[in-house]
Structure formats: structure tokens, C-alpha cells
Amino acid sequence: MSTSTDVLVVGAGPTGLTLACDLRRRGVDCTVVERATTHHTRSRGKGLQPRSLEVFDDLGIAGAALAAGRTHHHVRLYSGGRLALDLDLPARPPQPGVPYPNLVVLPQWRTEQVLRTRLSELGGTVEYGRELVDLDQDADGVTATMTDDSTGTVERIRAAFVVGCDGGSSTVRTLVGIPMRGESREEHFVLGDVRIEGLPADGPSYAWFDDGYLAADPLDGSGTWQVQAGVRPDV
């Protein structure tokens, strides 16, 4: 089976979805494929920076992101078992040249939901369970070989361009031989979406600096928190 598209976007995270929305609104045919069989529901990267909101404004979704997120930040920092800093940061109003001055706390799954909704409005979809296994580039474009997770069938997609939006272990980058620049360290950083009893679901964020780093941030007022922890190599 073979199909064609102007742009094949591999990866349906925030990067791939943002690109797909921008292409669609400009009338460029694109196909978004994702190896996972469905969208995830984890917080992952939970912050939107002001510049990202400006991009979202251009795509027509800044309002939806702001409505779903939190711009008033209250952080309580502890050190040595004692409260060291109680920092309350109300949302700042827009300023000339700075229409979105605040960091927005918004779980990544919710950010992706906002982007998928916009993509749907523009006539696009995400094709899940489609894994890229090979790329063949020639002078006129690229042929991508995909496998369908549900049926095991093989499909070839012909595209003018293939864009790798598939993360740190990118299959696209591996297939075309582009190295991942940077370094790996022994230290690890772990995230977990958890339920915490005894802390107000709509209260402040917490951070502890006692023999390491531990933090807990309320995500959406429902009682779900993102817990972050630094893990030393010897632990």
C-alpha cells in the first residue's frame, strides 16, 4: 500500500503538532504519524514559556492554553527541614511588546490536547500505531516505510519532506545518520504523576533541598501532582 503527502511529520508531541497546525493553516498537505497507539496522559513538560504562548497566539490557541493552565505561582522552599522561602508570584498583566509575560503551568497532555483540537479544526488528524522503519531519499523526495501496529501491514508514504519530531531517541535522526549532540550523565531526574493526601490540591508548589532535590507541583486542582526528584548514581 502506498500513499503520498507534501510533508510527513513523525511524532505527535508538542513539536510535531505545532508544526502540523502551522502547515495546515497555510494550505500545506501533511500527515502526522505516531508510534504510540494512543495519546498519553502524563504531565511530562508542564510549563509553557511566554514565547511559546506568542506562537500559540499566532495559531489561535493561546486563549485555550491560558484557560486550562495556571499563571499565579506560589512556591514554598525548604532547606534543612525548615521553611527557607515563601514566594508568592501573582500573574503579571500584559505589557507593550510582552503580551504574555507569565509562565503557564499546564500538563503536557493538556497542551497536546489543545493542539490536537486545533489540528482537527484545520482538517488534520494524528495516525496512531504507525511506526517508521525506513527512509529512502532521492532527488525528488523521500519514501518512508511504515508498519501498522494493529494489523502488522507495511505501508510506504511518498513525501516531499519528512520531519523528525520524535524526541531524543529519534528514529528519523537515526535512519539518516544525524548524531545526537550533547553528553550523558550518571545523575538521573525522575518525574511522577501522583495523588497526594494532606496537601491542598489548589495550593502552593513545594521544593525540598535536603540531601538532594525533591519537588511537588499541583497540576490542575484535581489532586494530581507532579513529583520531581534528583537521583544520585549511588542511590
Side-chain angles (χ1 to χ4, degrees), residues 1-42 44-45 48-49 51-68 100 106-180:
M1 177 179 176
S2 298
T3 59
S4 63
T5 185
D6 289 337
V7 181
L8 175 64
V9 179
V10 181
T15 303
L17 291 170
T18 299
L19 173 60
C21 287
D22 198 37
L23 291 171
R24 280 280 177 178
R25 70 170 179 153
R26 298 175 190 276
V28 178
D29 181 41
C30 69
T31 299
V32 184
V33 294
E34 168 61 46
R35 180 174 59 182
T37 56
T38 187
H39 57 81
H40 71 89
T41 57
R42 299 181 293 279
R44 293 181 174 175
L48 286 176
Q49 299 290 341
R51 179 57 185 146
S52 297
L53 288 167
E54 292 179 8
V55 173
F56 278 18
D57 181 274
D58 194 42
L59 293 176
I61 57 174
L66 287 169
Y100 300 101
L106 185 66
Q108 185 174 321
W109 70 264
R110 187 71 177 89
T111 300
E112 293 177 9
Q113 185 182 61
V114 170
L115 284 162
R116 284 195 305 272
T117 299
R118 182 61 176 141
L119 180 60
S120 177
E121 293 170 351
L122 294 167
T125 60
V126 177
E127 299 180 9
Y128 290 99
R130 310 284 297 285
E131 182 174 2
L132 174 71
V133 295
D134 193 30
L135 288 172
D136 182 21
Q137 180 171 319
D138 54 48
D140 298 318
V142 186
T143 299
T145 302
M146 317 288 301
T147 58
D148 189 307
D149 183 75
S150 61
T151 64
T153 58
V154 175
E155 177 188 0
R156 288 175 175 81
I157 301 177
R158 184 67 179 170
F161 300 94
V162 173
V163 186
C165 302
D166 47 347
S169 56
S170 168
T171 299
V172 173
R173 192 182 63 249
T174 300
L175 288 173
V176 299
I178 300 174
M180 177 68 171

Output for pair (L48 CG, L106 CG), nearest 0.5 Å, gives 5.5 Å
From T37 OG1 over to R130 CZ, what is the distance, rounded to the nearest 0.5 angstrom?
13.5 Å
Give the minimum heavy-atom separation between L135 and A144, together with the two atoms involved.
CD2-CB, 3.7 Å
Can you give me the closest heavy-atom contact between T5 and L8, atom names plus distance?
CG2-N, 4.0 Å
Drop me the distance from E155's CD to T3's OG1, to the nearest 0.5 angstrom.
4.0 Å
Kindly give the heavy-atom pair with the smallest separation between V32 and G11, and that separation in Å.
CG1-O, 4.0 Å
Supply the atom-to-atom distance W109 CH2 to T41 OG1, rounded to the nearest 0.5 angstrom.
8.0 Å
Contact check, side chains of M146 and V133, non-hydrogen atoms, under 4.5 Å:
no
Has Q108 got a side-chain atom pairing as donor or acceptor with G45's backbone, closer than 3.5 angstrom?
yes
If you measure only the distance, is there a donor-acceptor pair under 3.5 Å linking the side chains of Q113 and R116?
no
Just so I know, are the side chains of V33 and L132 near enough to count as touching, which here means a heavy-atom distance under 4.5 Å?
no
Might you work through the salt bridge (Lys or Arg N to Asp or Glu O under 4.0 Å) test for R158 and D140, ending with a clear yes or no?
CA-CA 10 Å; R158 184 67 179 170; D140 298 318; 5.0 Å; no
If you measure from CG on L119 to SG on C30, what distance do you get to the nearest 0.5 Å?
6.5 Å
Evaluation steps, side-chain hydrogen bond (donor to acceptor under 3.5 Å, both in side chains), between H39 and E34:
CA-CA 9 Å; H39 57 81; E34 168 61 46; over 6 Å; no
Find out whether R24 and D29 are in side-chain contact, i.e. whether some heavy atom of one side chain is under 4.5 Å from a heavy atom of the other.
yes
Sequence neighbours excluded, the answer for salt bridge (Lys or Arg N to Asp or Glu O under 4.0 Å) partners of E131 is none
Show me the donor-acceptor pairs within less than 3.5 Å that the side chains of residues 52-66 make with the rest of the protein, sequence neighbours left out.
from	atom 1	to	atom 2	distance (Å)
E54	OE1	R51	NH1	2.8
D57	OD2	Y100	OH	2.5
D58	OD2	R25	NH2	2.6

Determine, step by step, whether V126 and L17 satisfy the side chain to side chain contact (heavy atoms under 4.5 Å, CB included) criterion, reporting the C-alpha distance in whole Å, the side-chain angles of both residues, the deciding distance to 0.1 Å, and the verdict.
CA-CA 9 Å; V126 177; L17 291 170; 3.7 Å; yes
Kindly compute the distance separating CG (D136) from OG1 (T143), expressed to the nearest 0.5 Å.
5.5 Å
Please find the pair of heavy atoms, one from T18 and one from P14, that lie closest to each other, and give the distance.
OG1-O, 2.7 Å
Residue pair T31 / E127, side-chain donor-acceptor N/O under 3.5 Å
no
Inter- and intrachain pairs under side chain to side chain donor-acceptor pair (under 3.5 Å), touching residues 169-179, at least two apart:
D166-S170
Got a sec: does the CZ of R156 have more than 12 other heavy atoms crowding it under 6.0 Å?
no
